[in-house]
Amino acid sequence: MNTSSDECRMSNDDGMTKSESRNASAGLRHLNIRISFVIRHSCVVIASAFHSCAYHVGWLWTRLLFGCIARIHVLGRENANCSGGFLLAANHISHFDPFLISLVVRRKIDWMTMAEFFRPRALGFLLRAIDAFPAERDRADRKTIRTAIDRLKNGRVVGLFPEGGIRDGVRSVLEGAPLRPGAATLAHIAGVPIQPCVILGSDRLYSAKQWLPLRRTPIWIAFGTPISHFPELQRSEARERIGSQLAAAFNNLYAELRRELQLTPDDLPHSPRERMKHCRASSRRGDLAVTGISNRSGWHANSENALRRFASGTVDSLLCASINFLHRRHRLNGSSREQMERYVVMCEALSPHQYYSAPNVIARNGESDSEPTVDGIRDSRMATLSWRSPIQTAFAANNVACVELFRTDARKWERMPTVFLLHALMSTSSTGYHRWAESFNELGWNACFVHLPYHFSRVPAGYWNGELAITPNLIRNAEALRQGVVELRQLMNALREHGCREFGVLATSYGGWIGALLATVESDLRFVALMAPIVNVDHAIWQSPAARRIRHELIRANIEPSLVARHFPLSSPLHCVPRCDPARVLFVTGEFDSIAPAEQIAAIQRKWHGSELLRVRQGHFGHRMMRETITRLKARGDL
């Protein structure tokens with residue numbers, strides 16, 4: 001009996017132990033869930049506090065900055081300070097519009113911003129810190145749409161510019177130009193009203209004189225009555241109604257501002273180029289009036305040249321220092337000279353045509369695996385072409401060629417001429433090139449913005465944009481040039497198959513180097529405009545201030561100039577002969593350029609007999625050169 005009762009007691013004890021174990025496990029699960037909830041909630045709270053703090057700090061700095069240089073007049077302010085989520089839609093006449101509108105709206109605005117501004121890491125971080133989010137300008141992005149709708153449904157204010165970019169004159173909605181349908185679509189899906197807004201005067205801030213202290217440039221902002229999202233109507237009918245009412249609201253607010261504030265024609269929107277041009281013309285007139293001297297005295301001209309030379313030299317020196325600093329990350333090893341010797345011997349047996357021909361890369365299905373495909377691109381005017389590069393490198397990101405194609409018309413583009421826009425080394429943004437591409441579209445040209453090797457979409461993780469294109473590793477440098485030329489030739493062949501017969505090249509600095517090499521192997525180029533190109537590799541390596549670290553590494557690796565010079569017939573434009581008609585080539589040089597000096601550009605212009613040389617008063621880096629180059633191309637009849 002005692003044994004039996006002991007066994008029963010042990011069985012009961014075991015049962016209690018299992019039950020307690022289950023309870024303990026359940027308690028731990030609940031505790032883990034609570035801890036996870038607390039952690040997630042804490043992260044959300046911290047992130048929200050960070051974004052709120054960043055926005056308010058940015059708002060304060062903006063208030064201090066524009067409070068000194070602008071006087072803002074507001075009509076209908078009460079319409080913009082309603083509760084709940086709404087979509088703020090404004091016309092767009094300058095890059096300063098989001099900052100100025102945010103100053104007069106008491107609520108925080110999440111601005112829909114062009115995706116190009118997020119590509120530079122520092123700028124992208126700042127924009128995300130204030131809750132701005134990226135949007136592709138030429139195509140609908142589902143992620144952007146979902147982000148906007150979620151924020152609107154959560155009661156936040158989302159700001160956008162339904163014109164799709166900076167517009168003035170007949171291209172502006174204020175003058176009757178059509179709106180893009182995105183704003184009406186977002187408002188209807190999210191179930192929120194649209195707040196129309198018109199801003200005038202901010203384009204004057206493109207003039208440097210308007211930033212003088214206490215000048216107080218007048219800015220006018222008007223807010224209209226919110227437009228309903230018409231939930232009772234069918235989707236298509238509601239969007240059409242929203243779009244028509246929004247366009248009417250823009251026109252009414254524009255007329256009200258002109259009538260109530262008696263604005264003059266100079267107060268109305270002008271393009272940034274016109275504002276900056278007007279500023280320069282006014283400055284020249286003012287200088288003559290103040291000095292009271294004519295062109296007979298060269299003092300003013302000499303002073304201006306000295307100032308430009310000093311400013312250009314300072315900018316060039318700072319950028320050269322940054323490039324040399326980055327080159328410190330790239331060191332040569334003990335076998336570098338032997339590798340260079342083998343590479344040069346291999347290349348010496350090749351002609352430029354052979355060197356810049358695409359190797360035949362075959363996929364598993366037996367067809368070419370490395371050709372751009374133009375068939376099947378979308379009906380939008382901007383399309384992105386990407387394909388496997390025939391020149392493979394050690395970096396996977398660089399092995400995919402990428403081109404942004406801006407077409408004159410989504411359907412009737414194939415027989416139009418095409419210009420290739422080749423950017424500079426370590427170019428910070430593609431925004432300016434996109435604008436020039438649109439300008440070429442207006443002139444009847446398709447435009448291709450080419451992502452050159454190790455730039456933009458082709459930057460390997462952990463490196464800066466373009467950092468790997470030029471380093472002490474001369475073999476990688478040469479292969480990057482070869483990669484760029486070969487991919488351009490592939491693109492030209494693909495476009496020829498679609499009826500394109502005329503091509504142009506507009507290239508800057510590093511892009512000018514690649515453009516010059518392209519001219520040595522392609523003949524059917526209508527024009528080749530090379531702005532501050534690298535044309536003499538011997539000078540670029542052994543004398544340029546941007547290559548001090550490269551020289552240090554080459555000397556340390558016992559790579560002498562004579563060995564490097566053996567590759568010049570393939571990589572140095574000054575040592576090559578153009579295959580296209582030299583009369584079609586326009587060299588553009590900066591008078592104060594220390595990286596690609598004017599005498600080097602003049603030397604290749606003399607060698608490529610029949611080509612033209614244009615001199616511009618700037619250094620290697622600057623925006624004046626592009627404008628004067630386009631003007632010269634128009635005068636020559638190339639555009």
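The chain is numbered in sequence order, starting from 1.
Side-chain polar atoms of Asn399 and Thr393 form a donor-acceptor pair below 3.5 angstrom. No side-chain N or O of His623 forms a donor-acceptor pair with one of Gln618 less than 3.5 Å apart. For the residue pair His327 and Glu467, no side-chain donor N or O sits within less than 3.5 Å of a side-chain acceptor on the partner. Under 3.5 Å, the side chains of Asn493 and Glu371 contain no donor-acceptor pair of N or O atoms. Ser429 and Glu116 are not linked by any side-chain donor-acceptor pair at a separation below 3.5 angstrom, with hydrogens and angles left out of the test. Looking only at atom types and distance, the side chain of His95 has a donor-acceptor partner in the side chain of Tyr206 under 3.5 Å away. Side-chain atoms of His620 and Asp593 form a donor-acceptor pair, as typed in the model, at a separation below 3.5 Å.
Minimum interatomic distance between Phe587 and Ser611 (heavy atoms only, all atoms of both residues): CE1-OG, 3.6 Å. Heavy-atom minimum distance, Phe456 versus Ser427: CZ-O, 3.7 Å. A pairwise comparison of heavy atoms in Ser430 and Arg119 identifies OG-NH1, 3.0 Å as the closest pair. Scanning both residues, Thr589 and Ala596, for their nearest heavy atoms gives OG1-O, 4.3 Å.
Residues passing the salt bridge (charged side-chain N to carboxylate O under 4.0 Å, His left out) test with Asp97, sequence neighbours excluded: none. Listed by chain and residue number, Arg632, Arg636 satisfy the side chain to side chain donor-acceptor pair (under 3.5 Å) test with Glu612 (two or more places apart in sequence, or in another chain). Remark: Ser571 engages His567 in a side chain to side chain donor-acceptor pair (under 3.5 Å) (not counting sequence neighbours).
Cation-pi check for Arg482 over Tyr355 is met; the charged atom lies under 6.0 angstrom from the ring centroid and within 45 degrees of its normal.
With hydrogens and angles ignored, the 3.5 Å screen pairs no side-chain donor or acceptor of His455 with any backbone N or O of Leu425. Distance alone, capped at 3.5 Å, is enough to place a donor-acceptor pair between the Tyr356 side chain and the Leu570 backbone. With Asn446 contributing its side chain and Trp413 its backbone, the two residues share a donor-acceptor pair below 3.5 Å. Side-chain atoms of Thr471 do not come within 3.5 Å of backbone N or O of Leu468 as any donor-acceptor pair.
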Going through the distances and angles, do Glu502 and Arg526 end up as a salt bridge (charged side-chain N to carboxylate O under 4.0 Å, His left out)? CA-CA 6 Å; Glu502 289 188 301; Arg526 181 165 166 179; 3.2 Å; yes
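Each of Leu385, Thr418, Leu421 was checked for a side chain to side chain contact (heavy atoms under 4.5 Å, CB included) with Cys448, and the lone residue meeting it is Thr418. The one candidate from Arg496, Arg584, Arg501, Arg579 that meets the salt bridge (charged side-chain N to carboxylate O under 4.0 Å, His left out) condition with Asp524 is Arg496. For the pairing with Trp111, the ring pair (Phe, Tyr, Trp, His ring centres under 6.0 Å) check across Phe117, Phe99, Phe118, Phe161 returns one residue only, Phe161. Applying the ring pair (Phe, Tyr, Trp, His ring centres under 6.0 Å) test between Phe420 and each of Phe406, Tyr433, Phe527, Phe503 identifies Phe503 as the sole match.
Annotation: His451 is in aromatic contact with Phe449 [ring centroid separation under 6.0 Å].
Remark: Arg566 engages Glu348 in a salt bridge, criterion side-chain N to carboxylate O under 4.0 Å. Remark: Arg489 engages Glu522 in a salt bridge, criterion side-chain N to carboxylate O under 4.0 Å. Classification of Glu487 and Arg458 as a salt-bridged pair holds, one side-chain N sitting under 4.0 Å from a carboxylate O.
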